[in-house]
Colleague: 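Could you have a look at this structure, given as structure tokens, before my questions?
Atom set for the values below is all heavy atoms of this structure, side chains included, hydrogens, waters and symmetry mates excluded.
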Amino acid sequence: MPHLIAAVAIASVLLGACGGTPTVEEYAAVVCRPAGDVAPGESPFYADKRLHTANLPPVLEGFHDRLARGDSEEELKANLPLAAVPGLVAAGCELRLLIVIADGTTDALTLEWNGWSAAATSWQYRYHMWDKGSIVRGVDWMDIAGSNGSTNQHRLTGLEENMGYEVWVRPMVGTEPGPPSNPGRGVTSRALHRDRLVEGDGRTWWSIHGNWTVIIPEGARLRGGPVWIDGGCFPTGGSVREATSGSVVSYCFDGRLSCELGRSIAPGVDDERAVNALFDRISPGRSCLDLSWGWEDESNGGGELALAAVGIVAIGLFVVAVRWALRSSG
């Protein structure tokens with residue numbers, strides 16, 4: 001009998017190790033701290049040896065790496081794949097996650113939040129307005145009219161155009177406020193800024209890093225970021241992340257030049273072709289490795305500069321040759 005028990009135990013371990021792809025809920029059960037231990041501004045995740053024993057689902061690999069190296073709470077939440085949020089919340093992880101979404105309307109932003117364990121009866125929000133790195137003005141906590149425990153979205157309207165907003169939400173349990181969210185940031189413009197989340201409608205033109213404009217497919221949510229490949233590019237680079245999966249495409253910008261440095265499709269993406277197709281729509285469609293002339297761009301102005309340079313060199317060589325021939329004949 002002891003041998004039978006040992007055999008069953010070993011079999012269960014092996015089956016667990018080979019039991020398919022780990023779930024987000026299994027991961028959360030190991031790394032999420034109890035809600036009562038999470039004070040405002042603190043991470044809902046453990047950052048200790050539990051990380052080494054967590055059963056890691058593919059969709060959270062990049063996030064797990066950030067958690068293990070101690071990224072700030074703000075960076076963690078900005079880089080959390082949205083596809084994993086429902087599973088984390090269902091497992092009791094108190095994320096207090098707020099995202100601010102720009103949809104191309106220059107006087108409105110949409111707030112979406114999730115992850116509180118408190119039984120909210122209503123919600124409040126507040127914001128600061130930013131302009132050129134300084135606070136212009138802010139508002140105190142304001143009630144979201146008609147909200148209840150199941151409310152997780154609110155649209156701010158009547159905002160100022162081309163203005164940055166930093167927003168918080170918090171639950172109200174009767175008259176008692178609960179812990180606030182992370183600060184969510186948005187800009188009332190049609191530009192994809194770093195760390196700003198935008199949603200396309202298939203019609204509105206967006207500016208990406210100020211270098212070119214694209215139409216983002218309807219429902220696609222993208223977040224701007226820095227260049228993500230070591231070595232970078234000169235003088236500047238940038239990236240665009242598909243917010244649901246965390247997949248990334250990065251670019252190099254040099255004057256009028258723009259080219260794709262590379263892309264990384266997040267592990268566990270259900271439809272890799274769909275993400276690649278999205279990136280193909282917003283990418284200039286050329287590789288930096290194909291650019292033999294630094295000034296080449298879509299207008300072929302680089303080709304003209306290149307031909308001019310070749311012509312100048314040819315003329316110079318011709319003049320030298322004529323002078324040499326004249327001296328030799330003399």
Colleague: Verify whether the ring centers belonging to Phe45 and Tyr27 lie closer than 6.0 Å.
Modeller: no
Colleague: Applying a strict under-4.5 Å side-chain criterion to I, L, V, M, F, W and Y, I'd like to know whether Trp113 and Val89 cluster together.
Modeller: no
Colleague: Sequence neighbours excluded, which residues qualify as salt bridge (Lys or Arg N to Asp or Glu O under 4.0 Å) partners of Arg185?
Modeller: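 Testing Arg185 for salt bridge (Lys or Arg N to Asp or Glu O under 4.0 Å), a comparison that skips the adjacent residues, returns Glu74, Glu166.
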Colleague: Going through the distances and angles, do Asp103 and Arg155 end up as a salt bridge (charged side-chain N to carboxylate O under 4.0 Å, His left out)?
Modeller: CA-CA 11 Å; Asp103 61 6; Arg155 187 169 174 81; 3.0 Å; yes
Colleague: Would you call Arg69 and Glu75 a salt bridge, using N to O less than 4.0 angstrom?
Modeller: no
Colleague: Going by atom type alone, with no hydrogens or angles, which donor-acceptor pairs under 3.5 Å involve a side-chain atom of residues 265-275 and a protein atom two or more places apart or on another chain?
Modeller:
| unit_1 | atom_1 | unit_2 | atom_2 | d |
| --- | --- | --- | --- | --- |
| Asp271 | OD1 | Arg273 | N | 3.3 |
| Asp271 | OD1 | Ala274 | N | 3.3 |

Colleague: Specify the closest pair of heavy atoms between Asn148 and Trp123, including all atoms of both residues, with the distance to one decimal.
Modeller: O-NE1, 3.0 Å
Colleague: Do Arg50 and Tyr46 form a cation-pi contact, if we require the NZ or CZ to be under 6.0 Å from the six-membered ring centre and within 45 degrees of the ring's axis?
Modeller: yes
Colleague: Roughly how far, to the nearest 0.5 Å, is NE2 of His154 from CD1 of Ile144?
Modeller: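 Interatomic distance, Ile144 CD1 to His154 NE2, rounded to 0.5 Å: 5.0 Å.
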Colleague: Would a line drawn from the ring center of Tyr165 to the ring center of His128 be shorter than 6.0 Å?
Modeller: no
Colleague: Would you compute the distance between atom CG of Asn182 and atom CZ of Arg96 and round it to the nearest 0.5 angstrom?
Modeller: 10.5 Å
Colleague: Is any side-chain heavy atom of Cys252 closer than 4.5 Å to one of Cys259?
Modeller: yes
Colleague: Applying the 4.5 Å side-chain criterion to the ILVMFWY set and letting contacts propagate, would Leu56 and Leu76 be lumped into a single cluster?
Modeller: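 Shared cluster, yes.
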Colleague: Is Trp116 reaching over with its side chain to a backbone N or O of Pro179, donor-acceptor style, under 3.5 angstrom?
Modeller: yes
Colleague: Taking the side chain as C-beta and beyond, is there a heavy-atom pair between Val240 and Leu192 under 4.5 Å?
Modeller: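 Answer yes - side chains close enough.
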Colleague: Can you name the closest pair of heavy atoms from Gly174 and Thr121 and give their distance?
Modeller: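 Between these two residues, the closest heavy atoms are N-OG1, 2.8 Å.
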Colleague: What pairs with Trp206 under ring pair (Phe, Tyr, Trp, His ring centres under 6.0 Å), at least two apart in sequence or on another chain?
Modeller: none
Colleague: Tell me every residue that passes salt bridge (Lys or Arg N to Asp or Glu O under 4.0 Å) with Asp140, counting only those two or more places apart in sequence or in another chain.
Modeller: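 For Asp140 there are no salt bridge (Lys or Arg N to Asp or Glu O under 4.0 Å) partners, ignoring immediate neighbours.
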Colleague: Grouping I, L, V, M, F, W and Y whenever their side-chain heavy atoms are under 4.5 Å apart, do Leu97 and Val38 come out in a common cluster?
Modeller: no
Colleague: With a 3.5 Å distance limit and no angle check, can you tell me whether Asp201 reaches the backbone of Arg203 through a side-chain donor-acceptor pair?
Modeller: yes
Colleague: Is it true that Asp280 and Arg263 make a salt bridge, defined as a side-chain N closer than 4.0 Å to a carboxylate O?
Modeller: yes
Colleague: For Asn162, does its backbone N or O pair with a side-chain atom of Thr188 as donor and acceptor, under 3.5 Å?
Modeller: yes
Colleague: How far does CG of Leu80 sit from CG of Leu88, to the nearest 0.5 angstrom?
Modeller: 6.0 Å
Colleague: Do Ser239 and Tyr251 have side chains that get closer than 4.5 Å, going by heavy atoms?
Modeller: no
Colleague: side-chain hydrogen bond (donor to acceptor under 3.5 Å, both in side chains), that's the test. Do Ser247 and Glu242 meet it? Break it down for me.
Modeller: CA-CA 5 Å; Ser247 301; Glu242 197 265 324; 4.6 Å; no
Colleague: Set out, in order, the CA-CA distance, both residues' side-chain angles and the distance that settles side chain to side chain contact (heavy atoms under 4.5 Å, CB included) for Asn55 and Val30, then state yes or no.
Modeller: CA-CA 8 Å; Asn55 203 9; Val30 177; 6.0 Å; no
Colleague: If you link ILVMFWY side chains whenever their heavy atoms are less than 4.5 Å apart, which other residues fall into the same cluster as Trp205? By chain and number, please.
Modeller: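 In the cluster with Trp205 are Ile215.
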Colleague: Determine the minimum heavy-atom distance between Thr21 and Pro58, stating which atoms define it.
Modeller: CG2-CD, 3.4 Å
Colleague: To the nearest 0.5 Å, how far apart are CD in Glu25 and SG in Cys93?
Modeller: 11.0 Å
Colleague: With the side chain counted from C-beta on, respond yes when Leu60 and Leu67 share a heavy-atom pair under 4.5 Å apart, and no when they do not.
Modeller: no
Colleague: Would you call Glu73 and Ser43 a side-chain contact if the rule is heavy atoms closer than 4.5 Å?
Modeller: yes
Colleague: Taking the side chain as C-beta and beyond, is there a heavy-atom pair between Thr157 and Asp107 under 4.5 Å?
Modeller: no
Colleague: What pair of heavy atoms forms the shortest contact from Leu51 to Ala68, and how long is it?
Modeller: CD1-CA, 3.7 Å
Colleague: Applying the 4.5 Å side-chain criterion to the ILVMFWY set and letting contacts propagate, would Leu197 and Leu109 be lumped into a single cluster?
Modeller: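 Per the 4.5 Å side-chain linkage, Leu197 and Leu109 are not co-clustered.
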Colleague: Taking side chain as C-beta onward, heavy atoms only, is Leu82 less than 4.5 Å from Ile99?
Modeller: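 Side-chain contact under 4.5 Å: yes.
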Colleague: Hydrophobic clustering (ILVMFWY, side-chain heavy atoms < 4.5 Å, transitive) - are Leu222 and Val187 grouped together?
Modeller: no
Colleague: Return yes if some donor-acceptor pair links the side-chain N/O of Thr105 with the main-chain N/O of Ala108 below 3.5 Å, else return no.
Modeller: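 The answer is no, because no donor-acceptor pair under 3.5 Å joins these two groups.
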Colleague: Nearest 0.5 Å please: distance from the CD1 atom of Ile208 over to the OG1 atom of Thr213.
Modeller: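 Result: 9.0 Å between the selected atoms.
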Colleague: Can you check side chain to side chain contact (heavy atoms under 4.5 Å, CB included) on Leu98 and Glu112, steps first, answer last?
Modeller: CA-CA 6 Å; Leu98 169 70; Glu112 287 188 8; 5.9 Å; no
Colleague: Should His64 and Pro57 count as side-chain neighbours, where that means a heavy-atom distance under 4.5 Å?
Modeller: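 Not in contact.
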Colleague: To the nearest 0.5 Å, what is the distance between CG (Asn79) and CZ (Arg223)?
Modeller: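 Here the interatomic distance stands at 7.5 Å.
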Colleague: Please name the pair of heavy atoms, one in Ala120 and one in Val173, separated by the smallest distance, quoted to 0.1 Å.
Modeller: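 Ala120 and Val173 have their closest heavy atoms at CA-CG2, 4.3 Å.
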Colleague: Looking at Leu95, is its backbone amide N or carbonyl O close enough to the side chain of Lys77 to form a donor-acceptor pair, meaning the two atoms are under 3.5 Å apart?
Modeller: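 Indeed, once roles are kept as given, a pair shorter than 3.5 Å links the two residues.
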Colleague: Do you know the tightest heavy-atom contact between Met163 and Trp130?
Modeller: SD-O, 2.8 Å
Colleague: Cluster partners of Trp168, using ILVMFWY side-chain heavy atoms under 4.5 angstrom, listed by chain and number?
Modeller: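 Members other than Trp168 - counting any ILVMFWY side chain reachable under 4.5 Å - are Trp141.
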